[in-house]
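None of the values given here were measured: they were computed from a predicted structure. Chain identifiers are assigned alphabetically (A, B, ...) following the order of the sequence lines, protein sequences preceding nucleic acid strands; residue numbering begins at 1 within each chain.
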Amino acid sequence: MTNREIAAALDEVADLLEFQAANPFRVRAYRNGARRVGDASQSLLAVVEESGPAALTEIDGVGKDLAEKIAELATTGSLAMLDELREQVPPGVLKLMRVPGLGPKKAAAIHKELGVATLDQLKAACEAEKVRGLKGFGKKTEETILAGIAHAEKAGERTRWADADAVVGRLLQHMDGCPAIRRREPAGSYRRGKETVGDLDLLVDVGPETGPREMDPGAVAQAMDRFGDFEGVAEVIARGDTKMSVRMDGGLQIDLRCVPTESFGAALQYFTGSKEHNVEMRGRARVKGLKVSEWGVFKGESDERVAGETEEEVYAALGLPLFPPELREHRREFEWAEEGELPRLIELGDLRGDLHMHTSATDGKATLREMVAAARERGLEYIAITDHSKRVTMASGLDAARLREQWKEVDRVNEELAVEGAEFRVLKGIECDILESGGMDLDDDVLAEADWVIASLHYGQNQPRAKIMERLLFAVEHPSVSIIAHPTGRLIGRRPPYEVAVDELIAAAAEHGKLLELNANPMRLDLDDIHCAAAKEAGVPIVISSDAHSPAGLDVLRYGVLQARRAGLTREDVANCRGGASWEALGASS
DNA sequence: GCCGTTTTCGGCCCGACTGTTTTCAGTCG
C-alpha cells in the first residue's frame, strides 16, 4: 500500500472509533498517525521491507501498536482491526458525521434510535420531524441538519489557494471600509499557504480591551455588520460576542474573529494554526508553567498576561522563534528551532529565471517576443522557451524542423538583446514528451542541441507503476534531459497523481544530477511540499516554473514559491534563483 | 494509543458558540 492509502485507512479507523465514542485521545493518536504517514516522504512499505515494523516507531507519534498496524496495511493491503470496525458500524453511517453540526454523539444517537444509516434516510427522518423528538435534539437542530445535508454531499471539497486568495483580496478591501477596525489579517490554512483551504478566517483588531476579555461592543457590532454586508454572503451561520460565521454563495465558509489589540498577536498565532502546531505550543507552555490561548500567554492559572499583542512575543514567551506561517504544520519546525536551523525561506524576489513556458508556436497565446517582453517586465534575467514536442498533436507540438526554426528565432532575439545591452538571455528549450511506449519524442541529435530539455509525460497516464517508472527513469538517465516537469501529473481536486514512486524518481535524479520541477500552476503545484522537502533532503535542486501559456501566466510563480516555502526550501535549494543564463550554471550536469 | 527534565502511569490544549439545557453537552476549530 502507498503512504496515502495507509493514511486514509488510519483516518477511517479514527472515524469509526470516534463514532463508537472511544477514548478521544486514542482517536487522536490514529489521526496523528495518519497525518505523519501522509507527511512521510519515503515509502513506508519500503521501510518495513528493509528494516521491519519496529523502524516505524522512529516516526513521531507512532508507537509499537501503530507501527504494527501500519506494517500490516503496507504489506497486506488490509487491516484486521479496521475490518472488524467496519462490521460494527453500518456502511454510510460515517457520512452522517460529515453533516455540519453532527458529531459522533449526535450521529450515533440518530443511528441508534431511528435506524438511520444514509444521508437520504437522514433527510427523510428530518422531514418527517422524527429527529426533533430525540433527547438533546429540538426543532432548531433538525432544521440545521436538514440545511447541512446539502453541504455534506460535497464535504471534503476544498478551495484552491489561488481561488481563496481572490476572495481574500475582495474581503480585505471591503473590510477596510469599516473605521472600527484597526488591523486585519487573514489566518488559518490560507495564511499557511496550503494548496487548498477548507474555510477562511479573518481576524480584526477592534481596539483596546474594555475589561478582561472584553471589547467595545459597538466596535464589534460595526465589524460584524460590515462583514455581513460582504458581497456574496448567502447566510449567517453564527454570530456571537467575538465570532461570526457566514457561508458564501459558492459554499465557502468565512469566519470573522474580533479581538482586542492586546490579544491580536496571540489570536493570530492561534487561528493561523495548524491545530497540531498549536497543540505542541500549548504542551510546551504547560511545561513552563504558562497557559496559551487566543487571548494571550498567561502565568499559570492566573490572569497575568505575559504576551499577546504580537506573534513574536507569544513565541518568545515560550523560547521559540517567529515561525513563518508556512512551516507551522508540526513537521520539523520545532526541531529546527531547537537546533537553530530554521531555514530562511525562499521569496518571490529570489527567482531570477523561468524555465518552462509556451508560445503561440504550440498552445501558447503569445509570441516568443511577447513572452520575452513579459518576463523582462517582471524583472527576470533569463527564460527558457519550452514548447511541446510533436507527440502533443492537440497543441500542434513541434517536430525537429519547426523546433530548429524556433531556435534560430531565439538566436536572433539574443543577438538583439546583446546589441541593446540588456542583461537578459533566452535559452533554447523544449518540453519533450516521454512516449507511451518509452523513449523520447525527439531524436537524440535534436535534444543534444538544446540548452534546456524538459521531459514530461502527457500520454499513457493510466499505465501501471512499473511502466510509468520505466518511462520516467529512462528520461532521467537520458544525457540531454535536464529536468522532469510536473512529475506526478496530479491536478488538485480533479485528477490523482499517476502511479509514480516519487522517492525512486528523486533518488534517480540525485544519482544522475538532474533537477525536478515544482510546477507553479495553481491547479498543479507538482511536486508538492512533501516531495519538494524530500528532494531537498536528497540534494536534488528544484526549479519553480510557471508553465505559462501567456504573459499573465508568468504571474503564477508566486504560488510555486508559497509551496516551496511550505517545503522549507531556501533560495539555495531552488536552481532558478541562481544567476547565469546557461543551464550548466543552474546546477544540472549533462 | 502515545509518551517521559512530573519518566512506565496518568495524563493528554483551550475556548467560543448553539441549542435545549435550569447548569451543560456537543460540536467546531
Asks: Using the C1' atoms only, state how far dG11(B) lies from dT6(B), rounded to an integer number of Å.
Replies: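 About 10 Å, rounded to a whole number of Å.
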Asks: Quantified in whole Å, what is the P atom distance between nucleotide dC28(B) and nucleotide dT20(B)?
Replies: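 Per the computed distance, 16 Å lies between those P atoms.
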Asks: Do the side chains of Val131(A) and Thr141(A) get nearer than 4.5 Å, heavy atoms only?
Replies: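 No. Closest side-chain heavy atoms not under 4.5 Å.
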Asks: Do the side chain of Tyr270(A) and the base of dG15(B) come within less than 3.5 angstrom through a donor-acceptor pair of N or O atoms?
Replies: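 No pair found.
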Asks: Find the distance Ile237(A):CD1 to dT18(B):P and express it as a whole number of Å.
Replies: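 Result: 11 Å.
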Asks: Ignoring backbone atoms, establish whether Trp295(A) has a side-chain N or O less than 4.0 Å from OP1 or OP2 of dA16(B).
Replies: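 It does, given that an N or O in the side chain of Trp295(A) lies less than 4.0 Å from OP1 or OP2 of dA16(B).
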Asks: Given the P atoms of dC9(B) and dC14(B), what is the spacing between them in whole Å?
Replies: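 These two P atoms come out 25 Å apart once rounded.
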Asks: Below 4.0 angstrom from OP1 or OP2 of dG29(B), is there any side-chain N or O of Arg257(A)?
Replies: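 So the side-chain polar atoms of Arg257(A) never come under 4.0 Å of the phosphate oxygens OP1 or OP2 of dG29(B).
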Asks: With a cut-off of less than 4.0 Å, is there a side-chain N or O of Thr242(A) near OP1 or OP2 of dC17(B)?
Replies: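 Yes, within the criterion.
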Asks: Indicate whether OP1 or OP2 belonging to dG15(B) is found under 4.0 Å from a side-chain N or O atom of Lys243(A).
Replies: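 False: Lys243(A) side-chain N/O out of range (4.0 Å or more) of dG15(B) OP1/OP2.
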Asks: Between Leu200(A) (CG) and dC28(B) (C1'), how many Å, whole number?
Replies: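 After rounding, the reported distance stands at 16 Å.
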Asks: If the C1' atom of dC13(B) is compared with that of dC2(B), how far apart are they to the nearest Å?
Replies: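 The answer is 16 Å between these two C1' atoms.
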Asks: dC13(B), OP1 or OP2 - any side-chain N/O from Arg28(A) closer than 4.0 Å?
Replies: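 Answer yes for this pair, as a side-chain N or O of Arg28(A) is under 4.0 Å from OP1 or OP2.
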Asks: Within the structure shown, what part of the strands sits under 4.0 Å from Arg284(A) by heavy-atom distance: base, sugar-phosphate, or nothing?
Replies: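 No contact.
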Asks: Is there a donor and acceptor pair, one atom on the side chain of Asp201(A) and one on the base of dG29(B), closer than 3.5 Å?
Replies: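 Absent.
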Asks: Across the strands shown, which category fits Lys139(A) at heavy-atom distances under 4.0 angstrom: base, sugar-phosphate, nothing?
Replies: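 Sugar-phosphate only.
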Asks: Just to be sure I understand the rule, does Lys275(A) reach a base, reach only the sugar-phosphate, or reach nothing, if contact means heavy atoms closer than 4.0 Å?
Replies: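 Answer is base: heavy atoms of Lys275(A) come under 4.0 Å of a base.
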Asks: Which nucleotide, in any strand shown, forms a Watson-Crick or G-U wobble pair with dT8(B), with both distances under 3.5 Å?
Replies: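 For dT8(B), the partner nucleotide comes out as none, under the 3.5 Å rule.
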Asks: Closest to the Arg213(A) side chain: dG1(B), dG26(B), dG15(B)?
Replies: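 In terms of side-chain proximity for Arg213(A), the closest of dG1(B), dG26(B), dG15(B) is dG15(B).
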Asks: Output the distance between atom OG1 (Thr261(A)) and atom CZ (Arg182(A)), rounded to the nearest 0.5 Å.
Replies: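 Atom-to-atom, Thr261(A):OG1 and Arg182(A):CZ are 4.5 Å apart.
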Asks: What ring pair (Phe, Tyr, Trp, His ring centres under 6.0 Å) pairs are there with at least one residue in residues 211-251 of chain A, not counting sequence neighbours?
Replies: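 For residues 211-251 of chain A: His174(A)-Phe230(A).
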Asks: Rounded to whole angstroms, how far apart are CZ on Arg132(A) and C1' on dT21(B)?
Replies: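 Whole-Å distance recorded here is 18 Å.
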Asks: P atom, dG15(B) versus dT22(B): distance in rounded Å?
Replies: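 My reading of the P atoms in dG15(B) and dT22(B) gives 25 Å.
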Asks: Find the distance Asp11(A):CG to dG1(B):C1' and express it as a whole number of Å.
Replies: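 In whole Å, dG1(B) C1' and Asp11(A) CG are 15 Å from each other.
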Asks: Would you kindly compare Ala67(A) and Met97(A) by the position of their nearest DNA chain B nucleotide and give the one closer to the 5′ end?
Replies: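 Closest to the 5' end, via its nearest nucleotide, is Ala67(A).
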Asks: Quote, to the nearest angstrom, the C1' distance that separates dT21(B) from dT27(B).
Replies: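 Those two atoms are separated by 15 Å.
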Asks: Taking all heavy atoms of Gln222(A) and all of Ala180(A), pick out the closest pair and write down the distance.
Replies: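 Scanning both residues completely, I find the closest heavy atoms to be OE1-CB, 3.5 Å.
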Asks: Assess whether a salt bridge exists between Glu311(A) and Arg328(A), defined as any Lys/Arg side-chain N lying under 4.0 Å from an Asp/Glu carboxylate O.
Replies: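 So Glu311(A) pairs with Arg328(A) through a salt bridge.
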Asks: Send over the distance from Leu102(A) CG to dT18(B) C1', rounded to a whole Å.
Replies: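 Rounding to the nearest Å, CG of Leu102(A) and C1' of dT18(B) are 14 Å apart.
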Asks: Can you tell me if the side-chain N/O atoms of Thr141(A) get under 4.0 Å from OP1 or OP2 in dT20(B)?
Replies: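 Checking dT20(B) against Thr141(A), a side-chain N or O does come within under 4.0 Å of OP1 or OP2.
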Asks: Minimum heavy-atom separation for Leu342(A) to Leu322(A), with atom names?
Replies: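 Looking at all heavy atoms of both residues, the closest pair is CD2-O, 4.3 Å.
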Asks: At less than 4.0 Å, is any side-chain N or O atom of Arg282(A) found next to OP1 or OP2 of dG15(B)? Yes or no.
Replies: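 Checking dG15(B) against Arg282(A), no side-chain N or O comes under 4.0 Å of OP1 or OP2.
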Asks: Just the rounded figure in Å: distance from P of dG1(B) to CG of Asn32(A).
Replies: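 Rounded to the whole Å, the gap is 14 Å.
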Asks: Contact class for Pro104(A) vs. all strands (heavy atom < 4.0 Å): base, sugar-phosphate, or nothing?
Replies: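 Contact class for Pro104(A): sugar-phosphate only.
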Asks: Does the side chain to side chain contact (heavy atoms under 4.5 Å, CB included) test come out yes or no for Cys258(A) and Met215(A), once each step is laid out?
Replies: CA-CA 8 Å; Cys258(A) 298; Met215(A) 289 166 272; 4.2 Å; yes
Asks: Using a 4.0 Å heavy-atom cut-off, does Asp65(A) contact any base of the nucleic acid, only the sugar-phosphate backbone, or nothing at all?
Replies: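 It contacts sugar-phosphate atoms only.
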Asks: Atom CG of Leu56(A) to atom C1' of dC2(B): distance rounded to whole Å?
Replies: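 Spelled out: CG on Leu56(A) to C1' on dC2(B) is 15 Å.
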Asks: Need one value for Val27(A): base, sugar-phosphate or nothing, where a base atom within 4.0 Å counts as base even if backbone is also close, heavy atoms only.
Replies: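 If one applies the 4.0 Å heavy-atom cut-off, Val27(A) turns out to touch nothing in the nucleic acid.
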Asks: Quick check on DNA chain B: between Asp60(A) and Leu290(A), whose nearest nucleotide comes earlier from the 5' end?
Replies: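 Looking at the nearest nucleotide for each, Asp60(A) comes out on the 5' side.
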Asks: Return the nearest nucleotide to the side chain of Tyr30(A); candidates are dG26(B), dC3(B), dG1(B).
Replies: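 Among the listed nucleotides, the one closest to the side chain of Tyr30(A) is dG1(B).
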Asks: Is any side-chain nitrogen or oxygen of Arg26(A) closer than 4.0 Å to OP1 or OP2 of dG1(B)?
Replies: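 Checking Arg26(A) against dG1(B): at least one side-chain N or O falls below 4.0 Å of OP1 or OP2.
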Asks: Which nucleotide in the list dC12(B), dC2(B), dT6(B) gets nearest to the side chain of Val287(A)?
Replies: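 Nearest listed nucleotide: dT6(B).
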Asks: Compare the minimum distances between each of dA16(B), dC2(B), dT20(B) and the side chain of Glu294(A), then state the nucleotide with the smallest one.
Replies: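 Nearest to the side chain of Glu294(A) among the choices is dA16(B).
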Asks: When the distance from CD of Glu142(A) to P of dG19(B) is rounded to whole Å, what number comes out?
Replies: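 So the CD-P distance, Glu142(A) to dG19(B), works out to 14 Å.
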Asks: Base, sugar-phosphate, or nothing: which does Lys69(A) touch, judged by heavy atoms less than 4.0 Å apart?
Replies: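 Counting heavy atoms under 4.0 Å across all strands, the contact made by Lys69(A) is with sugar-phosphate only.
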Asks: Do Arg213(A) and Glu262(A) meet the salt-bridge criterion of a basic N to acidic O distance under 4.0 Å?
Replies: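 Salt bridge flag = no for Arg213(A) with Glu262(A).
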